[in-house]
Amino acid sequence: MFLGFDSSTQSLTAVLIDLESGEIRTQLSVNFGTELPQYQSPSGFIPGGIEGEVHANPLMWLEALDLLFSRLSKVADLSKVKMIAGSGQQHGSVYLDDTFEDRLAKLDPAGDLLSQLAPALSRATSPIWMDTSTTEECAEITAALGGGGEICHRSGSIAIERFTGPQIRRFYKKDPAGYERTHQIHLVSSFIASVLAGKSVPIDFGDGAGMNLMSLSKLGWDTDLLAATAPNLCSKLLPPAAATSVQGEVSGYFSQKYGISAACRVALFTGDNPASLVGMGATTPGNVVISLGTSDTFFAAMPGPKTDPAGFGHVFGNPAGGFMSLICFRNGSLAREALRDSLGLDWAAFDREALAATSSAAGENLMLPFYGPEITPRHDFSGPVLKGSAAFETGADPGLQVRALLEGQFLNMRLHSEWMGVKVERIRLTGGAAKNDGIAQLVADIFQAPVERLDVLNSAALGGALIAAAADGHDLPAIQEIFCQAAADSSLEPNLALAGVYQNALRAFQNLLHASLAP
Ligand code: XUL
């Protein structure tokens, strides 16, 4: 059996898989907001941060780990677990002083993680991915490197507010003594992995690429980026490593307290997006995952470290080897809901009837589907831009607007993923709106690739369990075949007759976008 964890923004989840039977044995979560209310973080972070700061309390993650293990030990036979791996929300960082290693090595199962590790924090709270407070630090790092293009080329992304390097620089500037006292900086992923391993373990290539510090070509820390970020930073980071590298046996704290075998080993943890790529069975190039949520995301495996010349997309390490892209679109569900509400439609009418009724107008009307600021492309839009027939532009036929909004969202995705140079062979669609057949068919038609929907509930934690099995020597593609199956009758083929229509629509969309962005 293999155990995967995902320490996400709102919860800590465990997925236990049994390779022999090909089954998921147990899936359990601890919700931070409802189950650990003492941290006053209803959504997993501390509300009311100033200057765009969004922080979380790392002690909450430790307490959740004890709670989840005590529950797991009651429902599962943990003595059969051979390897643990997992993931964490990306970019979040944890700052530890020089007592951390000793405390990890001497963890006493009679006590808890919280009280034994709390004194080792050199920064009380952890900035997480929602933090936007580092605009100044991003500008400083960019200037030091001679421009955003250089940082993107080296690290996979331009300097980004939520990324860890700019966050470390802000800490160094605001609290130099605290920075000085910091002996080790971990990401959420490597922090949890270190606690499990009973010693500090490296950051993996997947999550490490979300720091603006790691060289994609060398898969090591970039000395110029380190120097531009904060002094002596190299001494506070272990060299990054592959997610599947085994770190040794699980800490005696967990084997003695929760009945996990003392021979169980720990591999590295990665970011939640790289782990989801594994859990969605999409680690080979040609596969693409599109997740439709509050924001929409597009991620895909890539053979080499190509970067987005426009600087919108990110490149992370792929836990199966090679690289992956991650492209975020802020105007996801929020834009779909804004249009639905402005037209006074319910979901059924919005999704199905509007699309079915307007099928003859595929690709005819264009909408830049941005109801507010967007990050791909980065621009402060103040509302959607419409170009097409009078019935469309005036809203006389609301169905046309529904179609153009959805087409616009997926044309924008196709346009802003072209830099990857990867031919899309299969799309795995997930998230709330993915259930809708009309939307799923539209995705298939616009990308001209088959669309599948998966039954996977906790794709990041499942990805962690699969990485654990791979670290134990099992063939990842073979076990993905078993655990990452498409839901029955969920696959849709593209309508090949629409290939030319959407190719033309793509270029027309690109022209409209350029015209709208021109000063
Ligand atoms: C990725 C990102 C988020 C977090 C959420 O760049 O910021 O997807 O990983 O968990």
Side-chain angles (χ1 to χ4, degrees), residues 4-13 29 31-33 41 43-45 52-56 58 60-61 64 86-94 126-134 138 152 155-167 186-192 203-214 216 243 269-280 289-300 307-308 311-319 323-330 332-333 375-376 378 416-417 430-431 458-464:
F5 285 99
D6 176 42
S7 181
S8 77
T9 316
Q10 307 213 26
S11 55
L12 175 70
T13 299
S29 285
N31 182 284
F32 303 138
S41 303
S43 304
F45 56 86
E53 280 187 351
V54 183
H55 285 214
M60 177 179 78
W61 302 327
S87 66
Q89 54 172 313
Q90 291 200 252
H91 319 298
S93 43
V94 186
S126 293
I128 65 159
W129 64 279
M130 298 163 83
D131 191 298
T132 55
S133 66
T134 64
C138 287
C152 187
S155 76
S157 303
I158 60 166
I160 301 278
E161 279 84 349
R162 69 184 188 282
F163 277 39
T164 323
Q167 292 292 342
H186 276 297
L187 294 182
V188 178
S189 57
S190 64
F191 175 61
I192 305 286
I203 289 168
D204 93 300
F205 303 141
D207 219 7
M211 299 173 79
N212 282 143
L213 293 175
M214 196 186 86
L216 292 183
F269 277 38
T270 185
D272 55 355
N273 294 297
S276 281
L277 189 78
V278 178
M280 296 287 294
V289 177
I290 295 176
S291 166
L292 303 175
T294 310
S295 296
D296 293 339
T297 52
F298 174 107
F299 51 89
T307 52
D308 181 1
F312 304 136
H314 309 301
V315 178
F316 301 140
N318 174 348
F323 297 87
M324 67 176 283
S325 65
L326 175 84
I327 315 173
C328 302
F329 302 86
R330 191 167 282 165
S333 289
I375 48 178
T376 309
R378 195 180 291 263
H416 288 102
S417 54
T430 168
N458 299 303
S459 59
L462 173 63

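Indexing begins at 1, ligand by ligand and atom by atom, following the structure's order.
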Reported CG-to-CZ distance for the pair Leu12 and Phe5, which is rounded to 0.5 angstrom
6.5 Å
Contact table ligand 1 N or O to protein N or O, d under 3.5 Å:
from, atom 1, to, atom 2, distance (Å)
ligand 1, 6 (O), His91, NE2, 2.6
ligand 1, 6 (O), Arg162, NE, 3.4
ligand 1, 6 (O), Arg162, NH2, 2.8
ligand 1, 7 (O), His91, NE2, 3.3
ligand 1, 7 (O), Arg162, NE, 2.8
ligand 1, 8 (O), Asn273, ND2, 3.1
ligand 1, 9 (O), Gln90, N, 3.1
ligand 1, 9 (O), Asp272, OD1, 2.7
ligand 1, 9 (O), Asp272, OD2, 3.4
ligand 1, 9 (O), Asn273, ND2, 3.3
ligand 1, 10 (O), Asp272, OD2, 2.3

Aromatic ring proximity Phe163/His314, centre distance under 6.0 Å
yes
To the nearest 0.5 Å, how far apart are OG1 in Thr270 and CG in Asn318?
9.0 Å
At what distance, to the nearest 0.5 angstrom, does CZ of Phe299 lie from CD1 of Ile327?
11.5 Å
Test side-chain contact (heavy atoms from CB on, under 4.5 Å) on Asp6 and Asn458 and set out the steps.
CA-CA 8 Å; Asp6 176 42; Asn458 299 303; over 6 Å; no
Distance (rounded to the nearest 0.5 Å) between Leu277 CG and Ser87 OG:
12.0 Å
